[in-house]
Amino acid sequence: MAALNVAQKILLANAAGGLKQLPAEGQPLEIQFTHTLYQDATGTAAALAFEKMGVDRVKTTSVIVVDHKTLQVGYIDGDDHRYLETFSKKYGCWFSRGGNGICHSVFLEDFAVPGKSVIGSDSHTTNAGGMGMLALGAGGTDVSFAMAGTSYKIEMPKVVQVNLTGALHPGVLAKDVILNVLKVIGIKGNKAICLEYTGPGLKSLNVTDRATICNMGTEAGVAFSIFPSDDITKAYLEGRKRANDFKPLAADAGATYSRTVEIDLSTLEPTIALYPRLKSMEPVSKHAGTPVDTVFIGSCTNSNYENLARVGELLRGKKVKVDTAIAPGSQAIARQLAAAGYIEIFYAAGVRVLENACSACIGQGFSPPSNGVMLSTANRNFEGRSGTESASVHLVSPVTAIAGAITGVITDPRTLFKGDLAIQHVPPVVDMGAYVAPLPPAEAAKVVMRYGPDIAPLPTLDPLPAKLAGEVLLKLGNEITTDHIQPAGKYLSLRSNADEYAKQATFVQVDKTFSTRAAAVRDAGNHGFIVAGDGYGMGSSREHAGLCPRILGIRAIVAKGFERIHLANLANFGILGLIFENPADLDRIQQGAKVSLDTSALESGQLKLVVAGLGDIPLKLAQGKEDIPMIRAGGALSLFASQMKAA
Ligand code: MIC
Ligand code: SF4
C-alpha cells in the first residue's frame, strides 16, 4: 500500500463501510463519525431536527454544551438550556451546563481521542484536530443525521503540508503561528484542502497550542486541520487522566502532499490581524503606540491554562490601564489558574474575570464603546460581531492583548519581560462530575421533554418549483460572512424561533429593509434571489444563515464562490447555490432585476438565469449532483420525511 500521510490515514480509518482505498481528490467520501458536538446556539434547532428522525438514542459519543447563550437575559435562553438538558438525557448524550466551559475547550479536555472523528454544529469543531482527531464543523442538521448514525459526505481533500521548523521565541504564541499560516494560504478558496502539520517544530507545541492552530484553520475555510498524535499528545492525555485514550498517529515514511508550506517558527513575531475579516496580518511592533480602549482575552481559540498563566505572569504586580476582561475556556482551566494564584493576580490588576463561556467573542456582553479600539484574542473580527458596529476589533495573542491592557496602547509583549516568561505548573483539574452523564436507556426512556413557549417547531419546507421567478432582492460583494447574513450577538436568543429570527435579523446590518421586502415578494407568490461575489457564507456553521433566508422566500443564491459549510446548509434547506460561469456577469445584474430560472435542467448542468432586459446568464450548480434530490424535495428534512412515507 502506498505511504499515507496522517490526514489520509485518519480519513481511511473513519470512512464509512470499511473502505480500503481513498477516492481521488475531489471525489465524494462518506465519513462515519464516532463523536458529535452541539452547542446551545445551534443545538436547539439541531435537536428539533434530530427529534424528527425517529431515533431512540444517539449512535455516537454525543456532547451538548451550553456556552454561547449564557447571559440569559429573560427566559428564552434558560428555556433552550432546559430543553437541551432534557434532550440530552432522553437521547443519551453528555450534557455540559453553562459555566462549565466553551464547547471546543471542554471537548478537547474530556472527549477528544486521537484517531477518532467528530462533527460539530460549530465551525471551530476543527479545534480537536490538535489531538490528532478528524474534526469538522457542519450545520446542525448534518450533525443530527450523524448522531442518528448516518454517514456524512465530504469531498476528498488535497492534503497541504505545513512543515514547522525552529522553535517559537518567548512572547510568540500558537496564535501568532496560525495568523502567519493564514497570511500564507489566505482566507478564501481553500475548501477543497486540509492542512497537516509536520516537522521538527511540532516539539515546541503542546496539545492546546496545536488546538489553537487547528481552531483557526476554519478562518482559512479549509475542511479540517490535523496534527499527528505523539508523545506530547500522550502526556496531555495522561495529565487529563485519559492515558487509555492515547493512540499514536504518524505519517508513513515517504508520505506525499499536494503542496508544502514552510514555516520557521523562530522567525515569527507577535502578530496582529487588523479589523475587519482577518485580511491583514502584520507585526504588532508596526502598530505599537496605537491607543486601545478595551481588551478581551478569551474564546475557544486560545484561553487555555498555559496562555492565561502567561497573561498572569505579565500582570504580576501591575494594574491594567483600560477596561479588560478575561474569560477562561473552561471551569477546569479557571480552577487550575486559581490553584496557581493567577485568578488573584487578575483581580488585583483590575481585570474583570468573566464566565467560562464564549462571551465577548460572539458579542454576548463586553461590547466595546462607539468607535472604540478593542484588542481581542478571539478568532473572528467580522463587522458588527462585537455588538458595536463602529468599533475596530483587532485579533492578537493573549500576551499581546495583556501587553496592550497594561500600557493602554498596542505593544509588542516582548518589550515587557526578560527571559522566557516562565509560568507556574500545577496539575490540570479533571472533574467529570461537572457533566450530566448519559442516562442508561431504561431511565432515559422515562425523561419528559420540556419545550419553552418560544421554541418553535422547524417549518415544513415545500419542494423546489420547476420554474423560479421573482427578483434579485440583494446584490452583494465579496466575502459575505454568516454574521452579515444572520447576525448573532443580541439576536442570539432568537435561534429557537426561526420565523422571528428571520424577521428581525436576516441581513439587518446590510440592508434593514431586506426582510420586509423579501417577505412581500414571497407573499405575492414569487421567489427571492440573491447575487454575490466570492467567498459567500464564510465564517460560522450556523444553519440559520440558510434557514432564515429560506423562510423569507429565497430560493437561489448566485455567487462567484461559496464556503463549504454554508453551501451544505443551503442545500439542507432547499436553496440552490449557483455559480456564475462568467464571474464578470455579476457586474451586469442590478438589485431589483426581474429574473427567472428553469430548475428542471439542474441535472444537465446547463443552467441559465434569465434576466429581464439583459438576456441569459449561464450558471452552474455549486452543490453536488447528489444534493439535487434534497434540494428538489425542499431540504434535508423534507426529503427524509418523504423517504419515511415511501418506506
Ligand atoms: C461563531 O464563532 O461564529 C459561532 C457563534 O460559534 C458559530 C456558531 C453559531 O453561529 O452558533 C460557529 O463558529 O459556527
Ligand atoms: Fe464560542 Fe467564539 Fe469559539 Fe464561536 S469562536 S465557539 S463564539 S468562543
Side-chain angles (χ1 to χ4, degrees), residues 37-46 64-71 77 80 84 96 98 101-108 119-128 135-140 142-143 175 178 211-212 214-219 221 277-278 296-304 325 327-330 333 354-366 376-387 393 395 481-496 501 505 537-548 563-566 568-569:
L37 178 66
Y38 280 175
Q39 40 92 332
D40 58 339
T42 51
T44 307
I64 303 184
V65 182
V66 170
D67 57 355
H68 283 64
K69 307 198 312 153
T70 54
L71 284 184
D77 298 326
D80 281 0
L84 286 174
S96 173
I102 305 172
C103 57
H104 310 304
S105 308
V106 301
F107 189 84
L108 187 78
I119 184 163
S121 64
D122 189 286
S123 64
H124 293 106
T125 304
T126 53
N127 196 66
L136 261 77
D142 285 326
V143 177
K175 178 67 156 284
I178 184 62
T212 296
C214 292
N215 180 294
M216 284 190 76
T218 297
E219 271 47 67
R277 278 182 260 161
L278 280 145
F296 170 65
I297 300 178
S299 99
C300 59
T301 318
N302 42 205
S303 51
N304 53 56
S330 69
I333 295 166
L354 302 183
E355 197 174 11
N356 316 311
C358 298
S359 175
C361 174
I362 188 64
Q364 287 284 287
F366 203 67
S376 164
T377 66
N379 44 28
R380 290 192 170 137
N381 56 357
F382 297 157
E383 290 91 334
R385 182 174 165 99
S386 67
V393 180
L395 305 181
T481 72
T482 48
D483 280 75
H484 289 113
I485 306 169
Q486 205 58 39
K490 65 180 179 191
Y491 301 106
L492 213 51
S493 286
L494 300 173
R495 287 278 174 95
S496 39
Y501 194 20
M538 39 194 292
S540 156
S541 68
R542 67 190 66 149
E543 56 186 354
H544 290 86
L547 173 60
C548 292
E563 288 307 307
R564 177 185 69 87
I565 302 179
H566 186 63
N569 283 334

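For ligands, and for the atoms within them, numbers begin at 1 and follow the listed sequence.
- A donor atom on one side chain and an acceptor atom on the other are found under 3.5 Å apart for His104 and Asp122.
- For the pair Phe366 and Ala360, the tightest heavy-atom approach, listed with the atom from each and the gap, is CB-CB, 3.8 Å.
- Residue-ligand proximity, His68 to ligand 2, at heavy-atom distances under 4.0 Å covers atoms 1 (Fe), 4 (Fe), 6 (S), 7 (S).
- The pair Lys69-Asp80 counts as a salt bridge, with a side-chain nitrogen and a carboxylate oxygen less than 4.0 angstrom apart.
- The two residues Asp142 and Ala138 make their nearest non-hydrogen contact at CB-CB, 4.1 Å.
- The two residues Thr377 and Asn302 make their nearest non-hydrogen contact at O-ND2, 3.1 Å.
- Taking a cut-off of 2.8 Å, the protein N, O or S atoms nearer than that to atom 3 (Fe) of ligand 2 are Cys300 SG.
- Side-chain contact, Ser496 with Thr44: no donor N or O sits under 3.5 Å from an acceptor N or O.
- Closest approach of Cys548 to Tyr501, counting heavy atoms only: SG-CD2, 3.8 Å.
- Between the side chains of Ser123 and Thr218, no donor-acceptor pair of N or O atoms lies under 3.5 Å.
- Contacts of ligand 1 (protein heavy-atom distance under 4.0 Å) are Gln39, Ala41, Thr42, His68, Asp122, Ser123, His124, Ile362, Arg380, Arg385, Arg495, Ser540, Ser541, Arg542.
- Inspection of the Gln39 and His68 side chains reveals an N or O donor paired with an N or O acceptor under 3.5 Å.
- Looking at every heavy atom in both residues, Ile565 comes nearest to Gly137 through CD1-O, 3.4 Å.
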